[in-house]
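The structure is given below, and queries will be raised subsequently.
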Amino acid sequence: MLFDLLNDTSKHQLDNLEEFDKFIFYHYTTFDDNKIEELIHLRSLIDLINDKNSQLGKFLIENDVTVDISNLTVKFRNEPPILLKSGADPVCINNLYQRLTTDYTISGFLIDDFWDYSSISEYPEIIYTLNDVINKSFITDIDLCEKWKSRNFSTYQIKCIAPVASSNSPQLKKIL
């Protein structure tokens, strides 16, 4: 979802979209300072998981975590894979299912000061979700969140400018 929280300024921005040809949103991420040039190419969660050369892809390999998007499974070490499905128990499996099937787009905020939202200043939200699934599904005490934080990545705010479709556009009506 593009708009997670709206303040008065961003509500005005949405209420008056016809007055604007673009709007600004902010994406937050943790990233390796030595690879900062890669930040210019924002990619979806699915792309990052599937790309074994992305920071996230490499991290999953190093921690023996396999996420099979096409079969909706998670495998940890040599254990049998866990099938992800809607309504699954424990709820973390359902949460991961949702992240991989409907909530994998690049999210952003219309507010430019969201450093303390969720875990985004320390590690990607998907790391927390995977950590929860792995620790509740397998016998392990691995802490993927702490492992990510130990890399000492910096937190970045990326200012994005998106075009606004015309008021007759079906895309605009879907957003509103």
Does either side chain, that of K147 or that of N63, offer a donor lying less than 3.5 Å from an acceptor on the other one?
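Result is yes, a qualifying pair exists.
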
Please test F76 against F138 for ring-ring contact (aromatic ring centres under 6.0 Å, His included), starting from the C-alpha separation and ending with a verdict. CA-CA 8 Å; F76 179 64; F138 303 103; 5.8 Å; yes

* Hey, is K136 close enough to D132 for a salt bridge, meaning N to O under 4.0 Å? ->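 Yes, K136 and D132 are salt-bridged.
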
Could you report the tightest heavy-atom contact between N71 and D68, atom names first, then the distance?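 Scanning both residues completely, I find the closest heavy atoms to be ND2-OD2, 2.8 Å.
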
Checklist entry - Just by distance, do the side chain of S54 and the backbone of G57 share a donor-acceptor pair under 3.5 Å? => result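 Side chain of S54 to backbone of G57, a donor-acceptor pair under 3.5 Å: yes, one is there.
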
- Query: Out of curiosity, T73 OG1 to K85 NZ, how far, rounded to the nearest 0.5 Å?
  - Reply: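 Here the interatomic distance stands at 13.0 Å.
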
Applying a strict under-4.5 Å side-chain criterion to I, L, V, M, F, W and Y, I'd like to know whether I120 and L56 cluster together.
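In one cluster: no.
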
Open item on the list: With side chain to side chain contact (heavy atoms under 4.5 Å, CB included) as the criterion, how do L130 and V67 come out once you've worked through the C-alpha distance, each side chain's angles and the decisive distance to 0.1 Å?
Closed with: CA-CA 9 Å; L130 281 167; V67 178; 3.9 Å; yes

(message) If you compare all heavy atoms of T155 against all heavy atoms of S121, which two are closest, and at what distance to 0.1 Å?
(response)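 In terms of heavy atoms, the two residues are closest at OG1-O, 2.6 Å.
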
Check: Given F153, which of F59, F31, W148 fulfils the ring pair (Phe, Tyr, Trp, His ring centres under 6.0 Å) condition?
Finding: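 Single pass found, and it is W148.
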
State plainly whether one hydrophobic cluster holds both I61 and I49, where clusters connect Ile, Leu, Val, Met, Phe, Trp and Tyr through side-chain heavy atoms under 4.5 angstrom apart.
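I61 does not cluster with I49.
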
Student check: side-chain heavy atoms of E122 and C145 closer than 4.5 Å: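 Sidechains of C145 and E122: no contact.
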
Note to self: If you compare all heavy atoms of N131 against all heavy atoms of I142, which two are closest, and at what distance to 0.1 Å?
What the structure shows: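 Looking at all heavy atoms of both residues, the closest pair is OD1-O, 3.3 Å.
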
Margin query: Quick check on K159: does its NZ atom have over 12 non-hydrogen neighbours (other residues, nucleotides or ligands) under 6.0 Å away?
Written below: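 Open: at most 12 neighbouring heavy atoms sit under 6.0 Å from NZ of K159.
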
Review point. Going only through I, L, V, M, F, W and Y residues with side-chain contacts under 4.5 Å, is there a path from V91 to L96?
Key: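 V91 and L96: separate clusters.
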
**Prompt:** Can a salt bridge be assigned to the pair K75 and D64 using a cut-off of 4.0 Å between side-chain N and carboxylate O?
**Reply:**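 Salt bridge absent between K75 and D64.
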
Can you check whether H27's main-chain N or O pairs, donor with acceptor, with Q157's side chain at less than 3.5 Å?
->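 Checked: no pair found.
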
Hydrophobic clusters here meaning ILVMFWY residues chained together by side-chain heavy-atom distances under 4.5 Å, can you tell me if Y156 and L48 are in one?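 No: no chain of side-chain contacts under 4.5 Å links Y156 to L48.
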
Rounded to the nearest 0.5 Å, what's the gap from CG on L42 to CD1 on I106? Could you check?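 Interatomic distance, L42 CG to I106 CD1, rounded to 0.5 Å: 4.5 Å.
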
### Query
When rounded to the nearest 0.5 angstrom, what distance separates OG in S154 from CG in D32?
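Here the interatomic distance stands at 8.5 Å.
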
Exercise for the section: For residues Q55 and T30, report the shortest heavy-atom separation together with the two atoms involved. Expected result: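 The pair with the smallest heavy-atom distance is NE2-O, 4.1 Å.
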
Q.
Quick one, V74 and T66 - any side-chain contact, counting heavy atoms below 4.5 Å?
A.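 They are not in side-chain contact.
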
Report the C-alpha separation of D103 and Y97 in whole Å, then their side-chain angles, then the decisive distance to 0.1 Å, and conclude whether the side chain to side chain donor-acceptor pair (under 3.5 Å) test is met. CA-CA 9 Å; D103 187 20; Y97 172 84; over 6 Å; no

Next item on the list: Please report the shortest heavy-atom distance between Y28 and D112, naming the atom on each side.
Entry: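 Looking at all heavy atoms of both residues, the closest pair is OH-O, 2.9 Å.
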
Taking side-chain contact (heavy atoms from CB on, under 4.5 Å) as the criterion, tell me which of I69, N94, L100, N95 meets it with L84.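 Only one option passes, and that is L100.
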
- I139, CD1: over 12 other non-hydrogen atoms inside 6.0 angstrom: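 No - once you tally the heavy atoms of other residues, nucleotides and ligands closer than 6.0 Å, there are 12 at most.
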
TODO: Taking all heavy atoms of L72 and all of L83, pick out the closest pair and write down the distance.
DONE: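 Reported closest heavy-atom pair: O-CD1, 3.5 Å.
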
Hydrophobic cluster identity match, I127 and Y104, side-chain contacts under 4.5 Å:
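Yes; tracing contacts between hydrophobic side chains, which count when under 4.5 Å, links both residues.
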
Which of parallel (below 30°), tilted (30 to 60°) and perpendicular (above 60°) describes Y128 and Y123?
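Because their plane-to-plane angle is under 30°, the rings of Y128 and Y123 count as parallel.
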
message = Are C92 and T129 packed together at the side-chain level, in the sense that at least one heavy-atom pair is separated by less than 4.5 angstrom?
response =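 No, too far: nothing below the 4.5 Å cut-off.
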
* Pairwise distance CD(E125) to CG(L45) - rounded to 0.5 angstrom ->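 Going from CD on E125 over to CG on L45, the span is 10.0 Å.
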
Legend entry - Pairwise side-chain contact, I24 with L110, heavy-atom cut-off 4.5 Å (strictly under):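 No, side chains not in contact.
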
message: Side chains of S44 and T105, heavy atoms from C-beta outward: is any pair under 4.5 Å?
response: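 The answer is no, as the side chains (C-beta and beyond) never meet within the 4.5 Å cut-off.
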
